[in-house]
Amino acid sequence: EGTVLVRDIVPGIEDSNIQSMRSFDLGSGPRLVFSARARSGPNRLWISDGTPGGTWRISPPELTSLRAQVDRLGTGLVFIANQRVWLSAGNPGSARPLPGVNPAWNCSSVISDDAGRRCYFAVELQSGGHELWSTDGTENGLRIVRSGFKYAPLQMAYHRGALLFVARGAGQFDLWR
């Protein structure tokens, strides 16, 4: 069969600037999720099953500030865009803000547990404080994990059933669990 072009993400002479490719099984088979952008445009979140007809953009056009972080939550995806946490079923038009999250929060650094049942994300409050939150994707499943950080928790990893992350509490940046 050889090497073939799956889809020209940004038609024309500009590069697609594809970044942060990750593979997820969302219940309908494995899917490749990645961000792409034209040099003059914002990052957009895309999904592909490896075929031209199965490759499409899943982030809505109004999202202009997509962070490259994306993870699985249940049979869908969770990602950060426009400083908010978004959920998507992986289909065009299915992206929506995470319910229950204050739109004034500046959200960043999203990661899911090993099973994809909960995701964790960092929040910068209007007061300047920082917190770590988790959710199962529902408003009732939204929980604060810890507050009182001087800077947003970062470099998160799920390891041996526990979330580990770097954050600054009262002292220096340290490893937290």
Side-chain angles (χ1 to χ4, degrees), residues 18-37 43-50 54-60 63 65-103 105-125 130-149 151-169 173-177:
I18 295 174
Q19 302 172 3
S20 306
M21 293 193 305
R22 293 195 58 195
S23 182
F24 298 100
D25 188 342
L26 302 178
S28 57
R31 298 290 186 264
L32 183 69
V33 179
F34 57 93
S35 66
R37 68 176 181 85
N43 274 342
R44 302 289 190 207
L45 193 61
W46 289 74
I47 193 166
S48 178
D49 65 0
T55 303
W56 56 81
R57 190 180 75 216
I58 56 176
S59 58
L63 299 184
S65 176
L66 174 72
R67 294 184 185 247
Q69 296 172 321
V70 61
D71 217 329
R72 179 175 63 96
L73 184 59
T75 58
L77 300 167
V78 59
F79 61 96
I80 303 288
N82 292 17
Q83 301 176 335
R84 295 190 65 191
V85 180
W86 289 75
L87 302 173
S88 172
N91 304 317
S94 68
R96 60 185 169 77
L98 177 67
V101 174
N102 184 334
W105 291 352
N106 178 358
C107 301
S108 63
S109 303
V110 67
I111 190 170
S112 292
D113 64 19
D114 291 336
R117 289 189 295 258
R118 291 198 74 74
C119 80
Y120 299 83
F121 58 97
V123 169
E124 179 182 359
L125 305 172
H130 297 269
E131 299 175 337
L132 182 65
W133 285 76
S134 76
T135 185
D136 62 1
T138 67
E139 190 167 353
N140 289 336
L142 189 62
R143 306 271 186 273
I144 187 165
V145 176
R146 184 150 187 335
S147 63
F149 294 112
Y151 298 96
L154 47 101
Q155 296 186 38
M156 296 190 290
Y158 208 79
H159 179 68
R160 293 186 167 189
L163 177 70
L164 288 102
F165 58 96
V166 175
R168 184 174 184 175
F173 283 97
D174 288 308
L175 185 63
W176 293 71
R177 185 179 82 185

*What are the two closest non-hydrogen atoms of Phe79 and Ala95, and how far apart are they?*
CZ-CB, 4.2 Å

*Do Tyr120 and Val110 come within less than 4.5 Å of each other through their side chains, counting heavy atoms only?*
no

*Can you check whether Trp86 reaches Ile80 side chain to side chain, under 4.5 Å on heavy atoms?*
no

_For the CG atom of Leu125 and the NE2 atom of His130, what is their distance to the nearest 0.5 Å?_
8.0 Å

*Taking C-beta and beyond as the side chain, do Leu98 and Thr135 meet within less than 4.5 Å on heavy atoms?*
yes

*With under 30° as parallel and over 60° as perpendicular, where do the rings of Trp133 and Trp105 fit, or are they tilted in between?*
tilted

*Arg72 and Arg22, any side-chain heavy atoms less than 4.5 Å apart*: no

*For Asn102, does its backbone N or O pair with a side-chain atom of Arg84 as donor and acceptor, under 3.5 Å?*
no

*Compare all side-chain heavy atoms of Val123 with those of Asn106 and state whether any distance is below 4.5 angstrom.*
no

_CZ/Arg117: more than 12 non-hydrogen atoms of other groups inside 6.0 Å_ = no

*Taking the side chain from Asn91 and the backbone from Ser94, do they hold a donor-acceptor pair closer than 3.5 Å?*
no

*Do Ser48 and Phe34 touch side chain to side chain, with heavy atoms closer than 4.5 Å?*
yes

*asked:* Does any part of the side chain of Ile58, heavy atoms only, come nearer than 4.5 Å to the side chain of Leu77, both counted from C-beta?
replied: yes

*Give, for atom SG of Cys119 and atom CG of Asp71, the distance between the pair rounded to the nearest 0.5 Å.*
8.0 Å

*Keeping the roles fixed (side chain from Arg31, backbone from Ser28), state whether a donor-acceptor pair exists under 3.5 Å.*
yes

*Do the side-chain N and O atoms of Thr138 and Asp136 include a donor-acceptor pair separated by under 3.5 angstrom?*
yes

*Within the side chain of Ser59, is there an N or O that forms a donor-acceptor pair under 3.5 Å with the backbone of Leu45?*
yes

*Is a donor on one side and an acceptor on the other found under 3.5 Å between the side chain of Arg44 and the backbone of Leu63?*
yes

*Measure across Phe121 and Leu142 and return the closest heavy-atom pair with its distance rounded to 0.1 Å.*
CZ-CD1, 3.9 Å

*Is Thr55 close to Ile47 at the side-chain level, that is, under 4.5 Å between some pair of heavy atoms?*
no

